[in-house]
Amino acid sequence: MDFAEFIKQERLEEFPPAWIADVKGEFVFENENYQIKTEDLSIDYKDLIKEAKRLCIVCNKVFSNSYSYLVHNIDHLTIPLDKLNIEVPLQQNDSQKQQLHYSCVNMLTEEMDNRHGPPGVNSRSLTAAQSAAELEVLKEIENVYFTPPSEFNAARYALEHVPSYTNCDEIEQMFTKLKRQQQVVSGKALHLISQQRDNCDREFGEIQNIRQQLSETLSTCKKAREKLRSASNHLTISTFVILANVRKRQIIKSVLKSLDLLRSLRSVEKDVAELITKKQYFEAIELIMQSKKAASNNKEYKCIADLASRLQDTLDMTEEKLDSVLSSMCYNFDPIVFAKLKSAYDLLGKTQAAMEQLHMHYSSAVNESAFEAVKPFVDNVSMETKFQELCRSVPTTKAPLCLLNLCEKLFLVMRSYYLLVNWYSKHEESSMVTNVFDIEKNVSREYIKQKLKGGLIRIWNDVQGKVSTFLKSLGLEEYPFEKFIQMLGILRKLTQVAEVFCGDTSDLLRDFIKTQSVSYIKNYHKGRMEELKLFLENEGWEQCPVKSTFTLLNLQEFKQFKRYFKPKNDIGTSSQSSSSVHSLDNSVYISKYFNETTRTPFEMFRNENVTNDDIFGLEPESEVSEESDDEPEELKRDFVDDADVQNSPSKVAHSVIVTNTTLSVLRNCGQYLQITRYLPQIALEVIMLMNQLFDYYFFTVHLFFTSDLDVASSTLYTSKLNLLLKRISNIEDSFSSPSIPEHLEKTEANLHGLSERIVGVESIVFLAKQFEILQPYLESIVAQHQRMILEHFRDNTLAVVGDLRMPVYMASASKALDARSALIAMSQVRWDVKTVAEEHSAYVDMIVRKIQVFALRLENISQKITLNVDIVNAVWGMVAKFIVHLLVEGFSNASKCSNGGRGLMQLDYRQLFVKLEKISGLKPIPYQDYVDRYVKAYYLPRNELEEFVRDRVEYSNKHLIALITCACENKRDRQALSSAVEGREAAM
Amino acid sequence: MSESYEYLFKFLVIGSAGTGKSSLLNNFIGNKFKEDRCHTIGVEFGSKIVNIGGKSTKLQIWDTAGQERFRSVTRSYYRGAAGALLVYDVTSRDSFNALANWLRDARTLASPNIVILLVGNKKDLEESREVTFTEASQFAQDNELMFLETSAKTGENVEEAFLKCSKTILAKIETGELDPERIGSGIQYGTGTSKRLGAPKRPTRTPSDCACRV
Ligand SMILES: Nc1nc2c(ncn2[C@@H]2O[C@H](COP(=O)(O)OP(=O)(O)O)[C@@H](O)[C@H]2O)c(=O)[nH]1
Ligand SMILES: [Mg+2]
């Protein structure tokens with residue numbers, strides 16, 4: 001049978017579809033793929049092994065079931081032999097060989113046919129006569145005798161045919177006849193036999209031959225069949241078994257698949273956890289989602305139904321884990337992780353919710369970071385402690401470090417957010433879609449964009465809030481300057497960070513810094529003022545030996561400002577341009593920190609060697625080295641004068657008179673200016689405080705050295721000086737005025753402390769000069785509209801301090817000249833002489849002697865301190881002023897005065913001035929007009945005298961009345977003018 | 001400045017130039033040590049509140065220039081000092097030799113009862129030491145001074161020096177040997193005490209008895 005046909009037929013009957021249905025019942029495959037495709041192949045094995053008797057049609061064997069039958073059937077498989085030639089190895093003649101191409105079967109059949117053919121009589125003859133007789137006999141033989149012995153009994157027949165009358169002859173005859181017949185027949189038979197013997201023998205041999213051939217053929221056939229069977233065994237059975245196995249395998253595979261599904265569903269939790277540790281969030285969510293779907297698809301399994309709820313739990317848990325990873329983004333943004341997170345959330349369809357959540361995380365990250373940053377600095381922190389309380393318990397010594405820590409921690413959160421925003425803008429741009437269906441997506445994206453934008457400001461506000469809370473609870477005022485500056489530096493950096501972060505100029509923090517700085521500087525200033533008071537109270541008013549070229553720039557405190565005082569430098573523009581360059585640099589430089597992962601802009605503060613300039617990003621003073629070219633470093637540092645004090649005042653072009661206190665004030669100014677470098681926004685406030693140091697010094701000098709001024713002072717004080725004194729008189733409201741020292745020697749011999757007075761006044765004059773040097777720089781650091789305040793100070797304070805020389809030096813001059821004895825001497829002169837005297841009066845010599853003594857003592861003073869011409873002239877000026885007043889006073893005491901007397905007066909004061917000129921070196925003597933005009937008014941006509949009386953306010957009423965009394969002979973005129981004098985007073 | 005204290009002591013730091021007086025003061029008031037400190041011109045000032053025997057005491061410390069030419073300028077600060085650190089440099093024989101002069105100045109210009117502590121500074125520079133501890137001790141004993149060796153660089157004994165001196169002053173006040181009320185004692189009652197020194201009276205400007213008007 002044909003193999004293919006076999007399969008076709010057999011399958012149909014042997015594998016009924018029912019079997020497949022059965023399989024389906026147990027394991028439902030999702031799709032048809034799992035089914036065996038060819039309908040033909042739908043064989044049910046069960047059916048195969050069902051008890052059902054089958055008969056082999058070939059060999060009649062009976063089988064108990066189809067399967068065994070089927071297997072047996074294979075035995076009968078024949079293979080077409082058309083092309084199979086069998087060589088029979090026989091020794092045969094040629095004619096026989098022609099028959100070799102017989103199929104076995106045919107050959108056999110022919111043989112068989114031949115064998116069964118009917119028997120024939122051989123016709124080979126004897127002799128003719130004999131033959132005729134014998135033929136006769138033969139003919140006579142009844143035919144019946146030729147019937148085969150099985151059907152015919154000859155004896156019986158003969159007996160039956162004996163005639164009814166019995167006669168021996170007849171019987172004898174019959175017997176002979178029969179005998180004859182038998183003889184003929186036997187002979188004939190013998191003849192025939194002998195005749196046929198050769199034939200027979202030959203045929204026999206032939207038969208033998210054929211038999212042998214047959215048996216050989218048979219065995220060949222047998223062998224062939226044997227071989228064929230085994231061949232068919234090998235080919236067909238194994239193929240079929242393979243087929244069966246394939247099927248089995250397929251079935252088992254599908255079973256396995258189901259089992260796998262089950263197993264994977266069961267291990268979802270573990271797998272998800274593993275994925276999450278591998279940060280494959282998207283895959284984790286995907287896995288859960290798929291598992292959920294698979295679970296819902298396979299609800300019919302009981303175990304899977306249970307699993308479905310577990311999966312939901314897993315999903316919830318996973319979402320929680322994602323959330324915690326999300327919150328960790330707040331501290332250290334990782335774009336790779338975040339991208340994974342985002343895709344996971346996208347998959348979950350919770351992009352927007354996650355964004356909200358993330359913002360909440362950022363808020364709490366700010367809180368937490370702040371708390372964690374401060375915590376290590378406080379002992380005994382419980383979780384309930386509020387941040388504010390926590391800040392309050394930070395020990396002052398640790399506060400700067402704590403602030404640093406706080407800013408650093410908060411910066412990390414800010415940086416993380418910054419990176420987040422950057423990440424979004426980068427990714428959203430690249431994934432912008434215009435698809436209509438994505439409108440919803442775009443809306444959500446726009447929402448997130450807005451949210452992120454607002455988030456920057458919000459987070460910065462949170463951060464600001466934290467920092468402010470911390471600062472407010474500190475009480476910054478009490479910090480040492482260095483620490484304060486350091487903290488300011490940190491805050492400044494924070495504002496710069498904010499600028500990069502959200503473009504915010506952080507007005508809140510800046511204002512806070514400003515107010516804190518102002519109150520710090522005020523407090524600091526209070527300390528300096530108290531110190532200044534101490535200095536002033538202890539001041540010996542000795543000239544400090546510094547070089548004549550000394551300026552404030554020689555002080556270390558001003559080292560950083562040197563370049564601003566270079567005359568040709570356009571300060572305004574250069575400082576502005578450099579500062580703008582700085583801020584640009586800063587933002588570039590700060591944004592670097594936003595993109596770095598390990599460093600923060602605050603770490604510089606951890607460096608012990610960091611200078612304030614570093615902190616504030618100011619340029620190092622490169623010019624210093626340049627300048628040191630003009631002057632060796634050694635010399636510059638040692639600006640103290642080693643040379644002997646120069647003796648002659650006239651030789652001193654300009655002396656530098658400074659006191660310890662002056663230097664101390666200057667040093668303080670240097671410090672104040674340093675502060676302005678770091679706090680440019682409060683520069684004006686600082687400058688005002690600096691000016692206050694000046695005011696206080698000035699106030700004190702005035703207080704100390706005019707307190708013993710025993711002359712009325714109306715013309716000693718210029719109006720500007722008066723205004724200045726009035727302005728600073730309220731300094732006592734905020735700072736107690738220094739107590740006037742009692743240690744200062746004031747003797748006649750030292751001209752009542754003239755040396756100290758000079759040092760006092762000249763030191764403030766020097767100080768004023770130094771302040772003037774500072775002015776252009778100060779103007780450059782304040783705002784345009786504030787400059788007039790500085791100008792006002794310069795014009796109304798600095799420019800005025802020289803005026804203090806008058807009252808202060810007058811105090812000494814007046815004491816040294818001893819007005820009382822001079823006036824007594826003058827009163828003894830007779831002014832009503834008729835003739836003009838040739839000799840000046842005696843009092844003139846007396847005064848000249850006093851002047852000479854004064855000159856000597858002044859010379860002594862100049863041994864100690866360098867007196868320049870200005871000082872000397874100022875001192876002598878006061879002497880002159882005192883003298884002219886003394887003279888007018890003396891002259892006005894004259895109740896009577898003649899023309900001759902007036903002439904004597906002129907002679908006297910001329911003489912005096914000549915002497916004074918000689919001694920003092922003043923030329924001309926100032927103030928001589930005062931006495932000159934007074935004396936000469938005597939000669940004025942009445943109307944001019946009236947005018948004089950009315951306008952010359954520098955003379956007292958007493959002086960004028962005395963003048964009128966002497967000048968007017970006419971009583972009426974006298975009265976009229978006197979009343980004019982009186983009226984003048986009333987008008988004033 | 002706002003802190004209250006019971007006593008205020010006026011202190012001097014004297015001694016030859018370069019012995020480390022300014023460094024000592026700066027170390028004491030908490031500033032960093034500087035290798036290349038400028039010479040002091042005239043005087044500088046520092047103050048600190050310390051606790052001595054339970055009493056908070058403000059030390060008002062005047063750091064004077066050691067150079068000869070400043071003597072006249074610094075002299076006025078000696079007045080009424082309650083305590084002084086007399087500093088020499090253990091690596092400089094000259095500075096040790098100058099002690100006698102400084103001591104005389106202190107005893108004559110400041111109050112006679114001034115409490116003086118001899119300080120041998122720069123003890124960290126052991127390898128270049130020129131003045132031994134024993135001979136300095138001897139000098140201290142002979143002149144009735146207390147004695148300590150310090151290092152402004154390492155901070156060793158710096159605070160101790162000021163505290164020791166202050167303690168002695170306080171002890172002397174308690175035994176009555178020093179009278180804070182005496183003018184020029186260099187001691188004042190501070191804001192924290194009930195007993196206060198009346199504000200020094202300001203000489204009121206007496207009206208001129210001179211008839212002259214200027
Ligand atoms: N090695 C060392 N150097 C010191 C010490 N004290 C001061 N110096 C140095 O000695 C020099 C003079 O110090 P300074 O305080 O100006 O002395 P002053 O003139 O007495 O005020 C400076 O260079 C200091 O750095 C110390 O204890 N050890
Ligand atoms: Mg010094």
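Chain naming here is simple, since letters A, B, ... match the order of the sequence lines and numbering starts at 1 in each. In what follows, every heavy atom counts, from backbone to side chain, and hydrogens, waters and symmetry copies are set aside.
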Heavy-atom distance under 4.5 Å to chain A: side chain of B:Gln60, backbone, both or neither?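 When you check distances to chain A, only side chain atoms of B:Gln60 fall under 4.5 Å.
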With a cut-off of 6.0 Å (strictly less than), are more than 12 heavy atoms of other residues, nucleotides or ligands near CD of B:Glu174?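 Enclosed: over 12 neighbouring heavy atoms sit under 6.0 Å from CD of B:Glu174.
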Counting neighbours of NZ on B:Lys167 that are heavy atoms of other residues, nucleotides or ligands and sit closer than 6.0 Å, is the number greater than 12?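 No - once you tally the heavy atoms of other residues, nucleotides and ligands closer than 6.0 Å, there are 12 at most.
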What is the distance from atom [atom1] of [X] to atom [atom2] of [Y], rounded to the nearest 0.5 Å?
X	Y	atom1	atom2	value
B:Tyr77	A:Phe535	OH	CZ	6.0 Å
A:Gln543	B:Ser72	CD	OG	9.0 Å
A:Ser664	B:Phe45	OG	CZ	9.5 Å

Is the shortest heavy-atom distance from the side chain of A:Val658 to the side chain of B:Ile41 under 4.5 Å?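 Contact flag for A:Val658/B:Ile41 side chains = no.
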Taking the side chain as every heavy atom from C-beta outward, state whether B:Phe70 and A:Asn660 have any pair of such atoms under 4.5 Å apart.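 Not in contact.
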Applying salt bridge (Lys or Arg N to Asp or Glu O under 4.0 Å) between A:Glu542 and each of B:Arg69, B:Arg75, B:Arg71, report the one that passes.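 Filter result, single survivor: B:Arg75.
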Nearest atoms (heavy-atom pairs only) where B:Ser76 meets A:Gly540: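 That would be OG-N, 3.0 Å.
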Closest non-hydrogen atom pair, A:Glu537 against B:Arg79: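 Scanning both residues completely, I find the closest heavy atoms to be O-NH2, 4.0 Å.
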Does B:Lys10 form a side-chain contact (heavy atoms from CB on, under 4.5 Å) with A:Asn538? I'd like the steps, not just the answer. CA-CA 11 Å; B:Lys10 180 171 171 178; A:Asn538 285 282; 2.8 Å; yes
